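Worksheet: the structure to be examined is printed underneath.
Everything numeric here is computed off the predicted structure, so don't read it as measured data. Naming convention: chains lettered A, B, ... in sequence-line order (proteins, then strands); numbering from 1 in each chain.
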There are 2 protein chains.
Amino acid sequence: METHAEEDYLKAIYSISENGPAAVSTKEVAEYINSKPSSVTDMIQRLSAKKLVDYKKYKGFTLTKKGKEKALLIIRKHRLWELFLVEHLNFSWSEVHEVAEQLEHVSSPLLVNRLDAFLNYPVRDPHGDIIPDINGNLRDDDTIVLTEVPNKKTCFVTWIKDSSSEFLTYLDQVNIGLDTEIKILESYPYDRSIKVKIPRKSAITLSEKVCKNLYVRLNEN
Amino acid sequence: METHAEEDYLKAIYSISENGPAAVSTKEVAEYINSKPSSVTDMIQRLSAKKLVDYKKYKGFTLTKKGKEKALLIIRKHRLWELFLVEHLNFSWSEVHEVAEQLEHVSSPLLVNRLDAFLNYPVRDPHGDIIPDINGNLRDDDTIVLTEVPNKKTCFVTWIKDSSSEFLTYLDQVNIGLDTEIKILESYPYDRSIKVKIPRKSAITLSEKVCKNLYVRLNEN
DNA sequence: TAAAAATTTTAGACAAAGCTAAATCTTTCA
DNA sequence: TGAAAGATTTAGCTTTGTCTAAAATTTTTA
């Protein structure tokens, strides 16, 4: 049985380690969950005793297999609730996160799985993030980063990696959102920007920074 | 901002005081929430400092107006979630309670009110209990206890007070449930039992104990 | 009505989870 | 390479909420 606080730590460690393979530091976690490095050390030692993280003093820590599984099941709950709130209770993107943070700690496998069924076994949450399945596995699909799409190909946005409001505002301005169709017209190796076409809009140029935060599925064929 | 434990105490005190107007004792609360009288004293003193209960040492305690409001808002959440679980996630009566105990502590007025709207502003939960409204008011209706229905009258079950599985099993056996139509055929003052008729069933006799736990609405006229 | 029984409160401990300040490692770079 | 600087850990304290055992109070009953 894990406590609320322990679950928050597992989720934080998982999210931080998605950015790279390195061990996670107390400082990173403290910043992530708005706490202090000394508090993090305390908790990491508890999690280490429970075999949820591998920990070497002064060297950082990583999730064990068991810790990673638990983290993914929490993320599963979070994303299913987010989808429920947006699709059925008319929540907007900005209202959803805080409430899902609370709902993700409700412990009832029956509830999660019934909710999954109610939502029709969705693969992605409202942000396009993949929802781990009942066993905590990430169902991978054919999503790739926009920078990897070849010239002249058409693709569809499936995931928006940077969920900052600045980026979302920018995307609104250029008429890009989840499922938007994008055709690559030309790429400029000099600064790695690309020119693209969105149906019924004039062509625009996207910077490397933008492309790196847009993930897409290639048109079938 | 109330904590999880404080909310459980408020709800317990409210539920216990529904049985009568007397002040509530530490022993009663301890039994209700599976705890010890000394722990209850501690918490009551905290709640008293927050003006959520009126407390006189050795004399028991009652909810203040503020305490009662908070209790009713928690009960509102509990009952709305129960209804959601039964109506939309296919939970059975017996599975519902434990999960609703957790969901009732999720703190988001927006969430509760959106859920209320999603369920179409229901008046009663799956047990027939009245759902307090957005201001914590109990919408009273024309429900009365079965013992008060006059001879020869017909009525409909609206609320099952005793929700023990023993009672629910008994009700199944005699084909009584929420909304069942019951006609009073005859009453026996000797032991206060009554003979009743349910459509398409043979007449049966209900003991005083059973009648006291069945609440009904009189047929219009 | 006074002693026994029951209930309630206090006192002292404990665990979880957080914090600050001080001590201890690592890393950096002059 | 050997101080500084930076990061991490430890030590000690705080709050919430629980418990047991002992003390205080109320209720029961003989």
Side-chain angles (χ1 to χ4, degrees), chain A residues 1-13 16-17 19-20 22-63 67 70-71 74 101-102 104-107, chain B residues 1-14 16-17 19-63 67 70-71 74 101-102 104-107:
Chain A
M1 187 93 318
E2 269 59 53
T3 67
H4 193 120
E6 283 175 351
E7 293 188 347
D8 285 342
Y9 275 89
L10 292 175
K11 211 179 56 148
I13 299 167
I16 293 167
S17 37
N19 299 331
V24 176
S25 72
T26 53
K27 199 191 173 207
E28 287 172 301
V29 175
E31 272 161 17
Y32 196 92
I33 65 176
N34 256 303
S35 169
K36 304 284 157 171
S38 58
S39 308
V40 176
T41 299
D42 272 7
M43 179 58 95
I44 291 304
Q45 291 176 345
R46 265 195 287 274
L47 294 176
S48 177
K50 291 191 175 185
K51 309 257 188 252
L52 295 168
V53 299
D54 285 323
Y55 170 58
K56 282 268 159 56
K57 264 195 200 175
Y58 294 105
K59 301 295 182 188
F61 38 87
T62 52
L63 290 176
K70 291 204 189 274
I74 299 160
E101 286 287 300
Q102 294 186 63
E104 80 193 7
H105 296 296
V106 172
S107 160
Chain B
M1 190 92 319
E2 269 61 51
T3 67
H4 194 121
E6 282 175 350
E7 292 187 348
D8 285 343
Y9 275 90
L10 292 176
K11 210 178 59 148
I13 300 167
Y14 181 88
I16 294 167
S17 37
N19 299 329
V24 176
S25 72
T26 53
K27 200 191 172 208
E28 288 173 299
V29 174
E31 272 160 16
Y32 196 93
I33 64 176
N34 257 302
S35 167
K36 303 284 156 171
S38 58
S39 308
V40 177
T41 300
D42 272 9
M43 179 58 95
I44 292 302
Q45 291 176 342
R46 268 195 284 274
L47 294 176
S48 177
K50 290 192 174 183
K51 308 257 189 254
L52 294 169
V53 301
D54 285 324
Y55 170 59
K56 281 271 160 54
K57 263 195 199 176
Y58 293 104
K59 300 297 181 186
F61 38 86
T62 53
L63 290 176
K70 291 204 188 275
I74 298 159
E101 285 289 299
Q102 294 186 62
E104 81 194 6
H105 296 296
V106 172
S107 160

[X] side-chain N/O to [N] phosphate OP1/OP2 under 4.0 Å:
X: A:S35; N: C:dC19; answer: yes
X: A:K27; N: D:dA7; answer: yes
X: B:Y9; N: D:dT18; answer: yes
X: A:Y55; N: D:dT8; answer: no

* Decide yes or no on salt bridge (charged side-chain N to carboxylate O under 4.0 Å, His left out) for A:E104 and A:K11, but give the supporting numbers first. => CA-CA 11 Å; A:E104 80 193 7; A:K11 211 179 56 148; 3.1 Å; yes

* Would you mind reading off the distance between B:E6 atom CD and D:dT15 atom C1', rounded to a whole angstrom? => 12 Å

* **Between D:dA7 (C1') and A:D42 (CG): distance, integer Å** => 16 Å

Hey, does [X] reach any base, or is it just sugar-phosphate, or nothing, if we go heavy atoms under 4.0 Å?
X: B:S38; answer: base
X: A:S39; answer: base
X: A:F61; answer: nothing

Among [options], which nucleotide sits nearest the side chain of [X]?
X: A:R46; options: D:dT16, C:dA17, C:dT10; answer: C:dA17
X: A:K36; options: D:dG17, C:dC19, D:dT9; answer: C:dC19
X: B:Y58; options: D:dT18, D:dA24, C:dT26; answer: D:dA24
X: A:K59; options: D:dT20, C:dT26, C:dA17; answer: C:dT26

* To do: With DNA chain C as reference, determine whether B:K56 or A:A5 sits nearer its 5' end, using the nearest nucleotide of each.
  => B:K56

* Within a strict 4.5 Å, meaning less than it, do heavy atoms of the B:H105 and B:D8 side chains meet? -> yes

